[in-house]
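Below, read A as the first sequence line, B as the second, and so on, with proteins coming before strands; counting in each chain starts at 1.
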Amino acid sequence: MKQLAILFLLFAGALFAGQEPPPDWAREAATRALPTYPPQAETATLMDERRVNVSADGSTTSEVREAIKILTPEGRGAAAAYFPYYPKVTRIRGFKAWLITADGQSKTFGKNEIADIAAKAGYELYSDVRAQSVRAENATPGTTFAWSAEVEDQPLYPHIAWYFQHRDPVVLSRLVVTLPSGWEAKAVTFNHDPIEATVDGNTYTWQLTDLPHIKRESASPHMDSLAPWIGVTYYQTSNASAQRDWKAISIDQTRRDEPQAAASAELAAQVKQLTAGQTNLLVQIRAMGRFVQNIKYVEIATDLAHGGGYLPHPAADVLDKRYGDCKDKANLMRTMLRQIGVQSYMVALYYGDRDHVHPEWASAQQFNHMILAISVPESISLPSTMEHPTLGKLLLFDATDPYTPVGLLPEPEQGSWGLLLAGEKGGAVQLPVAPPDTNRTDVAVEGTLSQNGALSATLLMKQHAAAAWRLRLLKERQEARFDDVMRAWLQRNVKELDSDKMDATDSFDSGEMDLHFDFTAPRYAQVMQGRMLVFRPSIVEPIFGFPLQTEKRKSPLVVNGESYHKEVHVKLPAEFKVDEIPEAAAFTASFGKYSASCQMKGDEVVFTEDLQVTATTIPAERYNEAREFYGKIVGAERAPLVLVKD
Amino acid sequence: MPRIILAFLLSTVGVFAADWPPLDSADLALQKGRVDPTADAECLLADTRISYDASYGGTTFEAFYRIKIFTDAGVRKLGTVDLPYSNQQKISGVAGRTIEPDGNVLELKKDAIFDHVVEKQHRQKTKAVSFAMPGVKPGAIIEYRYKLDENVLQTYLVLDAQIEIPVERVVYHIHPLPVQMTRALMQCRAFFTSFAPFTEERGGYHVTSIVNLPAFRPEPDAPPDRAIRAWLLVYYRTNAGEDPSHFWNLQGRGLYAALQDHIKVDEQTKQLATRITANLQLDREKLDAIYYYCQKQIKNVYGREVSDAERRSFKPNTTTADTLARGIGTNQDILLAFLALARAAGFDAHPAYMQDREFMLFRKENMLPFFNVTMAAVNVAGKWMFFEPGMRFLAPGQVRWQEQGIEALITDPSNPQFVVVPFADAKESQVHQKGQLNVDAEGTLEGEISETYSGQLAAEWRASNLEHSEDARKKAFEENIKARLPEAAISEVKVTDPADPSIPAVLSCHVRVEAFATRTGKRLFLNPAVFQLNRPPRFTATTRTNDILFHHPWSEVEDISIAFPAGFQLDHPDVVGPIDFSPVGKYVTQVIPVGDRILYHREFVFGQNGVVLFPTRVYPVMKKLFDTVHDNDAHMLTLKQEPAMADAK
């Protein structure tokens, strides 16, 4: 689905001034003294401003200004402007850019240096969004790149999402909205204390200054959940009640979507074929779900200026062509389900950041993805089912993600807010979060250690739900190299793999994926002085590791819910006895618990390990708790067992 | 140098006839690939028809593809087509269809074909035709065709045969240029494949084919694509059967003459050369001085040191006198200025040309003068030395790894010759890693570590850091250390300036790593090979398709000193045995206890005598060698607690 957040950046046809010098605002911004920023800050936004004039008919004229200072050689690429627009409804009345060097010399970009490009994302086959673009080739540190544009537009919705910052520091960021007489605006602030507008007559100004650099860190939330932004809604004061809340958007969009769900004879036949001989509802849903997921993902984004980004193609066409995007697939599945008398509803959400959608701002601009909520009997209870107050039990299903079966939700969608498109009964809903035990990894190792340190073993790893999802994703991306990647993981844990056999078995419908290794490692245990054997009884560490960092954490840590269980049995050589054995470990954190033990049972050493973590976002100031928790786990996994010759 | 234009597309007989080429029912029934039974999809036929409009100066490609889809993954990967084209090109006749497993045909509808402008700037326009094939599912066959016209007469055609999925049959129909125009006959050379002899068919086309090509899969440490991937080169030559030595003699003389007018050894150049080499006695000292003068005093117009304003006002230099007077020039200008100054200083200096190993492995007998590197060759006491002063990361006498071990054509007005650019010895391209460290009773490691690069390793480090700020260079080093020691707290990072190849490349920092050594009740286990920790295995694949090519010979020396805590003693250190794989290299480790310290020494040398290219068949041995070194590097030492201390604990 085409996210309509780009609506506020619209243009058509460019007008360019000749070689006019940089305007005063750009020169002033370029000479502004800056504080000392951390070395990671590659650029600083000196000014980012948009002034919007709203007409009584809802059309807008805007002035956009931005000035960026290049701070390091790595920041050179930021000396560029990229301005998306919808050619059919947007008119660019001016697009100008300048480069001002540290010593005050300047360059005005000419018409010949401005490109008009297809603003097509990599996953789109075609999009009617275009962009005006200009790039400075060699903006050395100290240079300021500035640009401005004047735009006439017809926004689809009376909403503006204004992002005060991206990653680099900002000196001044400002949104100014001037409304017709008798109109007013309100804003909701995210990732910041409420930002109050200064109001002068009918002009509202929201502004932030001196925003610090946001450090890049692993496992941190998406930038939209870190940097401050506001969602602005404007409306006629006398008609304030007509503001669209979630329910109103649901009613409107459900009405628009409905004609797209007309079935054809071919569609009915397809459903019949898929469900032939099946009476179990879940089995029927699974058959249809797998069919739709395997339809090729192709996005053809047309008529976006008029809401085309939200409207699925007719289900019969999608079936006929066997390709479509997320909303096409969800709509096709919905239409197919109707053939067996099952009601379902489209659900708009944001894929990639579970904290991205804020229910307190009723705007469709927050979404980039579409899934389906299927009405199911109360007796069906799965990790992706939820109870709706009026619609009863709903089974959430992503008809686009080919790695997640019916009954589960992809990890990035769990817990996020979405918009249930169910007419009068629709509205914002929070998607279910699978309990940690659903995303389970079970590792079993059976091995024999020889007196010269060689280990012969079988390793079986059963991954469930999100754990399997990650592995499937890795398999698809690595293609033929997947086996090598898995072997490399084993080799990092087990020295000198002499012979190894690996099988991957994907039981998709049950959400499970298994890895099976048979291997020998002639030097797994290190022989010391010919009388001592030292080895790690935990054998392997988790494939995807732990989020450990030594420097002070600046952003929250996103932790996914999961559980991990491992049991290792290694038969020891008769000539040796245990000299030192790892101590048992058991500890907890606010978000999880861990235990490990290592014991002798007959001639075997048995190592067991259990980890359970609840999905959460840990504030940066509490990162030490996570670091200590994961650090202890690493210590327990690496603890050696020492054997000496009897 | 002849122009190479890549003909990027493939195709079949009569593709623009009203009907599609006949389809064999066996193809429709096919359940698995014939070339590779495990493939998600297979190209059954890739057929290209190439013709020329000699009077207009244009080339036409008519392409047809037939692809069988076997799996859901094949559906996800294939079936969308993007055909970019430029101002000088036109795409027409796009058509496609999907044949479902039951034989039902779904046509690609015209309204599902998007012909759109990708980018428009001034008079330049890049367009693309994009479409998604309808009804793609496992078992289906997709077919599409199009015609690409371009207003360039392509006399050198590079025709790719191997693509990312297996290909059962590639067919090329070529209508040769008329002899009266080229005064030459069409030649075709196959690389890493063999093709059927050309036969003539209706309309004056010559047709050939290649069958059963596996999918092309890149592998690490492999030769360049053009040296391992199947492709054809079609060109025109009058001198079929010509002796290569005669061919290269003509080339070498012609190339010398082409640059001769640009290299001016006038009075001012002589005075400048005298000034640069004043008080220097040895030839090598003089050449180094001239080299550094060109590298540091002449700005590279495409370098980051040049501002936009300077670049805009730059006017091309006609001769080396212009370059030296203005102090700015292109890479080639700087090279020619070096040649002029070297000649002015009395050296026998010539332009030399080569095809670097990253572009294509050069074979003289192919008589294909596709040179992509120009360098300066200087005869010093009967031995040729090579210089590239335009490369700011190279020291004098140093060339890029891509150019080592390759024959360079040293141009000359009468006697051009090929000389192999020698490999630098493994010991000249060295990383020396040092550590002065302490480990405490809890296993925490702390101290100073450093890396010093020389030779090719230094050049590679400089090249990748030249454009970066000091902070970014420090961060990159920090990340490199973090990859070895993920739990390290790093401080006091220092890195040298990569823009100055006259100083060694040294990177250093202070590290503190908690739980570096593993503590048990009465022992501490530690791995002294600090710089080797957590390195992934170099080779992971169990099988190998392509030859193995290492960039250059190199050596690694690690000297680590670790002081251990009071109350502990080294418990009979075992050392993993040396590995002698002469003449290619060696691996040696030593542990020397000195009081309360361990001195750990590791040396790994690879590629001696320029042996850096290995045939596929030695892969198991190569993998075993690197795996053994990798595992030996993980060897632990034991510090045992003295009995009194252990009891006290």
Side-chain angles (χ1 to χ4, degrees), chain A residues 39-40 72-74 99 101 105 107 111-118 120 125-126 136-141 294-298 300 320-323 402 476 480-481 483-485 487-488 491-492 495-497 500 523 526-529 532 534 548 550-551 580 582 631 634-635 638-640 642, chain B residues 72-73 75-76 79-80 82 106 112 114 116-122 128 130-137 217 304 306-309 311 467-469 471-472 474-475 486-490 514-515 518 520-523 525 534 536-537 540-542 571-572 574 627-628 630-631 634-636 638:
Chain A
Q40 304 95 309
T72 71
E74 293 72 35
L99 202 63
T101 60
Q105 291 188 49
K107 169 194 168 150
K111 184 178 176 181
N112 296 347
E113 294 170 281
I114 313 285
D116 185 80
I117 61 179
K120 182 167 87 82
L125 182 76
Y126 170 79
E137 276 186 14
N138 190 20
T140 47
N294 280 330
I295 283 181
K296 188 172 177 63
Y297 183 92
V298 173
I300 297 171
D320 188 32
K321 291 178 175 165
R322 297 276 179 128
Y323 63 74
E476 182 95 351
R481 288 182 293 274
D483 286 8
D484 293 340
V485 170
R487 278 198 189 89
Q491 202 174 346
R492 276 199 300 275
K495 275 172 42 171
E496 205 165 317
L497 278 179
D500 55 321
R523 295 199 293 162
Q526 185 170 324
V527 182
M528 292 181 159
Q529 305 119 41
M532 197 162 84
V534 181
L548 282 167
T550 47
E551 62 270 34
E580 291 194 72
V634 170
R638 293 181 185 170
V642 182
Chain B
D72 288 326
V75 173
R76 288 198 285 276
T80 49
D82 255 309
L106 302 170
F114 299 91
H116 54 114
V117 177
V118 176
E119 181 165 354
K120 185 171 69 181
Q121 183 174 354
H122 193 33
S130 307
F131 53 90
M133 298 301 297
V136 182
K137 62 175 94 164
R217 293 208 175 94
R304 293 293 191 194
V306 171
S307 68
D308 260 2
R311 194 173 293 165
E467 304 296 337
H468 294 301
S469 63
D471 285 320
K474 285 179 177 175
K475 192 168 186 307
E487 283 96 41
I490 297 171
E514 288 180 12
T518 306
T520 61
K522 44 192 176 183
R523 296 179 179 90
F525 295 97
N534 295 303
T540 53
T542 46
D571 190 13
H572 301 89
D574 299 304
D627 282 353
T628 305
H630 178 261
D631 295 334
H635 186 80
M636 285 188 299
T638 312

Could you give the distance from [atom1] ([X]) to [atom2] ([Y]), rounded to the nearest 0.5 Å?
{"X": "B/M133", "Y": "A/K296", "atom1": "CE", "atom2": "NZ", "answer": "11.5 Å"}
{"X": "B/R76", "Y": "A/N294", "atom1": "CZ", "atom2": "CG", "answer": "6.0 Å"}
{"X": "A/M528", "Y": "B/H635", "atom1": "CE", "atom2": "NE2", "answer": "5.5 Å"}
{"X": "B/I490", "Y": "A/E551", "atom1": "CD1", "atom2": "CD", "answer": "8.5 Å"}

*Do side-chain atoms of B/Q121 reach the backbone of A/N112 as a donor and acceptor pair under 3.5 angstrom?*
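Yes, the answer is positive, given that a donor and an acceptor are paired below the 3.5 Å cut-off.
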*asked:* For B/T540, is there any backbone N or O sitting under 3.5 Å from a side-chain donor or acceptor partner on A/Q491?
replied: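 Side chain of A/Q491 to backbone of B/T540: no pair is present.
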*Select, from A/L125, A/I117, A/T72, the one with the greatest count of heavy-atom pairs under 4.5 Å involving chain B.*
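So the answer, after comparing A/L125, A/I117, A/T72, is A/L125.
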Tell me, for [X] versus chain A, whether the close heavy atoms (under 4.5 Å) come from the side chain, the backbone, both or neither.
{"X": "B/V136", "answer": "backbone"}
{"X": "B/A128", "answer": "neither"}
{"X": "B/D571", "answer": "both"}

*Highest number of heavy-atom pairs under 4.5 Å with chain A: which of B/T628, B/L106, B/T638, B/D82?*
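With the most close heavy-atom pairs to chain A, the winner is B/T638.
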*Pick from B/A515, B/S469, B/P536: which one has the most heavy-atom pairs with chain A under 4.5 Å?*
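Of the options given, most contacts go to B/S469.
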Where do [X] and [Y] come nearest, in terms of heavy atoms and distance?
{"X": "A/Q526", "Y": "B/A634", "value": "OE1-O, 4.3 Å"}
{"X": "A/Y323", "Y": "B/A112", "value": "OH-CB, 3.9 Å"}
{"X": "B/G521", "Y": "A/E580", "value": "N-OE1, 2.6 Å"}

Proximal component of [X], with respect to chain B [non-hydrogen, under 4.5 Å]:
{"X": "A/A639", "result": "backbone"}
{"X": "A/R487", "result": "side chain"}
{"X": "A/V527", "result": "backbone"}
{"X": "A/E137", "result": "both"}

*Measure up the A/Y126 and B/F114 rings against each other and bin them: parallel (under 30°), tilted (30 to 60°), perpendicular (over 60°).*
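Parallel: the ring planes of A/Y126 and B/F114 meet at under 30°.
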_One pair to check against side chain to side chain contact (heavy atoms under 4.5 Å, CB included): B/K475 and A/E74. What are the steps and the verdict?_
CA-CA 12 Å; B/K475 192 168 186 307; A/E74 293 72 35; over 6 Å; no
